[in-house]
Amino acid sequence: MNNELNQLDIQDILQLLPHRYPFLMVDRVVHYEMSEERKVLRAIKNVSFNEPFFQGHFPEKPVFPGVLILEAMAQATGILAFRMVGKPNPGELYYFASIDNARFKRPVVPGDQLVLDVEYLKERRGIAKFTGVATVDGEVVCSAELMCAKR
């Protein structure tokens, strides 16, 4: 893993997440920080017209589904969580426990590069809480609070 630059490529991501095509929503981690003060990660999802859901969402005006923006954020939190505690044990996963205060500001369309910024807030009784913000060209497209449970 490319720790000296605090980046992860797709091979590193595949070691941390169980997701595979067509459901892997993180293409690259461009930065992460693990300090006492904060634990943050920035990831990229390149939105391509070739993705299968665009056939039906929507054929005349393709829009990246909001629920998949949240899924991309959740996958970024999973990567951050596993970077904090180490590589997952066989069969170990992070599951969504809740999504709160999700807000969508504008559509994401083919050709956009979704930048996912997630931050670890706290853990209590095995449930980790994160914040997430997704942007395109510096403009917020979605924000949410995410809680995940390791199982």
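Keep in mind that this is a model prediction, so the values were computed, not measured.
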Give the minimum heavy-atom separation between [X] and [Y], together with the two atoms involved.
{"X": "Val26", "Y": "Ala76", "value": "CG2-N, 4.1 Å"}
{"X": "Tyr120", "Y": "Ala128", "value": "CE1-CB, 4.2 Å"}
{"X": "Met73", "Y": "Cys142", "value": "CE-SG, 3.4 Å"}
{"X": "Phe130", "Y": "Ala81", "value": "CZ-CB, 4.2 Å"}
{"X": "Ser48", "Y": "Pro110", "value": "C-CB, 4.3 Å"}
{"X": "Leu14", "Y": "His19", "value": "CD2-O, 4.1 Å"}

**Report entry** Under the ring pair (Phe, Tyr, Trp, His ring centres under 6.0 Å) test, residues paired with Phe82 that sit two or more places apart
**Finding:** Tyr94
Report task. Using ring pair (Phe, Tyr, Trp, His ring centres under 6.0 Å) as the criterion, list what pairs up with Phe53, not counting sequence neighbours. Result -> Phe64
Query raised in the report: Taking everything shown except Asp137 itself, do over 12 heavy atoms lie less than 6.0 Å from its CG?
Result: no
Query - More than 12 heavy atoms of other groups within 6.0 Å of Arg124 CZ - result: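 Counting other residues, nucleotides and ligands, CZ of Arg124 stays at 12 neighbours or fewer.
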Query raised in the report: Checking salt bridge (charged side-chain N to carboxylate O under 4.0 Å, His left out) for the pair Lys105/Glu139: CA distance, chi angles, key distance, verdict?
Result: CA-CA 9 Å; Lys105 305 292 186 182; Glu139 185 180 344; over 6 Å; no
**Report entry** Leu93 vs Arg151 side-chain heavy atoms within contact, under 4.5 Å
**Finding:**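 No - every pair of side-chain heavy atoms lies 4.5 Å or more apart.
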Measure the [atom1]-[atom2] distance between [X] and [Y] for me, rounded to the nearest 0.5 Å.
{"X": "Ile13", "Y": "Gln75", "atom1": "CD1", "atom2": "CD", "answer": "9.5 Å"}
{"X": "His31", "Y": "Gln7", "atom1": "NE2", "atom2": "CD", "answer": "9.5 Å"}
{"X": "Asn46", "Y": "Arg28", "atom1": "CG", "atom2": "CZ", "answer": "9.5 Å"}
{"X": "Glu71", "Y": "Leu146", "atom1": "CD", "atom2": "CG", "answer": "10.0 Å"}

Query raised in the report: Would Lys39 and Glu119 satisfy salt bridge (charged side-chain N to carboxylate O under 4.0 Å, His left out), going step by step from the backbone distance to the final call?
Result: CA-CA 6 Å; Lys39 294 168 180 48; Glu119 181 174 8; over 6 Å; no
Report task. Quickly, which of Asp12, Leu116, Leu17 forms a side chain to side chain contact (heavy atoms under 4.5 Å, CB included) with Ile79? Name it, please. Result -> Leu17
Query raised in the report: In chain order, what residues pass the side-chain hydrogen bond (donor to acceptor under 3.5 Å, both in side chains) check against Asp117, with sequence neighbours excluded?
Result: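 By the side-chain hydrogen bond (donor to acceptor under 3.5 Å, both in side chains) rule, Asp117 matches Arg42.
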Requested in this report: Would you check if there is a donor-acceptor pair between the side chains of Arg83 and Tyr32 at a distance under 3.5 Å?
Outcome: yes
Query raised in the report: Distance only, no hydrogens: is a donor on one side chain within 3.5 Å (strictly under) of an acceptor on the other, for Gln11 and Gln15?
Result: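 No - no donor-acceptor pair under 3.5 Å links their side chains.
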